[in-house]
Amino acid sequence: MYTSLSQIQSDLKLGAISLTRLVKDYLYVINQKSSLNAFLEVYEKEALEHAIIVEEKFNSGKAGKLAGMVIGLKDNIVYKNHKVSASSKILEGFESLYSATVVERLIAEDAIIIGRLNCDEFAMGASNENSAFGPVKNAADETRVSGGSSGGAAVAVQAGMCLLSLGSDTGGSIRQPASFCGLYGFKPTYGYISRYGLIAYASSFDIIGPIAHSISDIQLVMEIIAGPDENDATATKNGLPSFIENTELAQGPKKFAYIKETLEADGIEPDVKTQTESFIADLLAMGHQVESISFDLLPVLIPIYYTLTTAEASSNLSRFAGMHYGFRSKNAFDLESTIKKSRSEGFGPEVKRRIMLGTFVLSSGYYDAYYSKAQKVRRLVKNKTEEIFQKFDFIISPTSPTTAFKIGEKSENPLAMYLADIFTVHANIAGNPALSIPYGKDRQGLPIGIQLMAPIGKDSELLNLAEFLVK
Ligand code: GLN
């Protein structure tokens, strides 16, 4: 299995493989492993046609930087004239009229888009069990979840169905499935990538990012998709420093902090804890400094996250009303019943739970008690995080307190599922970049991920360091 674009490009140059063959091989694996349920749709014919065009360009030395990269898209990133559903019944039959900025930028550099990938409905979940199209199975053990919400995006790369995928991360949805599947998953600084064409969940948290086998592919894709975009007012206005490998950035000893409470948290699996400690020991052996710190706001991260994201979701999802596009209830007879019934029948239980929760925290009697308060505590978290980064270069934690759990194990208990996000939501609340690094396995052979979080805007430093750590 290819694990980086540089391997593919060198084989293409040598003539050891053709681009058409490569795409056919991916299509073969997709077909063979369809029981994993990673893809909702495969663009078979189109990907093969595209391969012929890119191949010609490659042979005449005119191809873009991503020639040979075969990519899957999470089903909440729109692609012109292609269906998109956010894994929800409510978008049944809907086709996008335009492409997300990230998709346009990838295609302009000759990447091939091979299909759209299963996820939790509207990116709400941590196991992919909230998809209207069924859970995605982890290729390391098919009785276990892929993680979520970008579960299809992680498993497609894990199982060799494409080289890289784009997911979205509102509270961990790129990093946690990447860690469950033994891959790198990167959540960039908030605003570094245009969200034009990303179906919104919680707009002050959402960001697009890549899942891949190698840091070099993540760097390359970031170089191409990150930066200003006139179609997204929340995207950075400034040109960004290069993301491409720069060993200078990674030179010299760095200062790492780990939050003591993350290793003492209830529910952290012993093997995850041991691996995190061994990662720390590796860093020390390499000459880095590692210190333990205390972060007393850890217990409020999940409550803030679920108060604010549900509030934003209740507003963002009000556009799905059975009126203009997507699913419309057959039992509706007037305006009000069209909206009510289409939403009741079209949304799944988790999405409804969040819309109701969000509507509640925004309602006039509770706004101050919940929504405003959570905003204030979010500010405290940001300030405290900045303070930590005045003294340290990176914060280490496990990506998730557990490895991939059994399908069905937590689906009846939303609170247990929410607690699985404990280490990842911090970066979204504060806006920082964070990377999940595959680091060993537990005693059942399931992958473990370590998360590194960096100061806002230090995405490049983070990726360079990670590249250096694994070398
Ligand atoms: N698991 C988190 C949630 O359920 C994160 C989702 C995400 O990042 N999109 O909201």
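All values derive from a computational prediction rather than experimental measurement. Each ligand, and each atom within it, is numbered from 1 in the order the structure gives.
- Because its NZ or CZ atom is not both nearer than 6.0 Å to the ring centre of Phe394 and within 45° of the ring axis, Lys254 does not count as a cation-pi partner of that residue.
- The side-chain contact (heavy atoms from CB on, under 4.5 Å) test with Tyr190 is passed by exactly one of Thr234, Asn428, Asp206: Thr234.
- Under the side-chain hydrogen bond (donor to acceptor under 3.5 Å, both in side chains) criterion, Asn432 pairs with no residue, sequence neighbours left out.
- Taking a cutoff of 4.0 Å between a charged side-chain nitrogen and a carboxylate oxygen, Arg443 and Asp271 qualify as a salt bridge.
- The pair Arg175-Asp169 meets the salt-bridge criterion, with a side-chain N (NZ, NE, NH1 or NH2) lying under 4.0 Å from an Asp/Glu carboxylate O.
- Ion pairing between a basic and an acidic side chain is recognised when a charged N comes within 4.0 Å of a carboxylate O; Arg105 and Glu109 show no such pairing.
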N/O to N/O under 3.5 Å, ligand 1 against protein:
from, atom 1, to, atom 2, distance (Å)
ligand 1, 1 (N), Gly125, O, 2.9
ligand 1, 1 (N), Asp421, OD1, 2.9
ligand 1, 1 (N), Asp421, OD2, 3.0
ligand 1, 4 (O), Gly125, N, 2.9
ligand 1, 4 (O), Gly125, O, 3.4
ligand 1, 4 (O), Tyr306, OH, 3.3
ligand 1, 4 (O), Arg354, NH1, 3.3
ligand 1, 4 (O), Arg354, NH2, 2.8
ligand 1, 8 (O), Thr170, N, 2.7
ligand 1, 8 (O), Gly171, N, 2.6
ligand 1, 8 (O), Gly172, N, 3.3
ligand 1, 8 (O), Ser173, N, 3.0
ligand 1, 8 (O), Ser173, OG, 2.7
ligand 1, 9 (N), Ala123, O, 2.8
ligand 1, 9 (N), Thr170, OG1, 3.4
ligand 1, 9 (N), Ser173, OG, 2.7
ligand 1, 10 (O), Tyr201, OH, 3.0
ligand 1, 10 (O), Tyr305, OH, 2.7
ligand 1, 10 (O), Arg354, NH1, 2.8

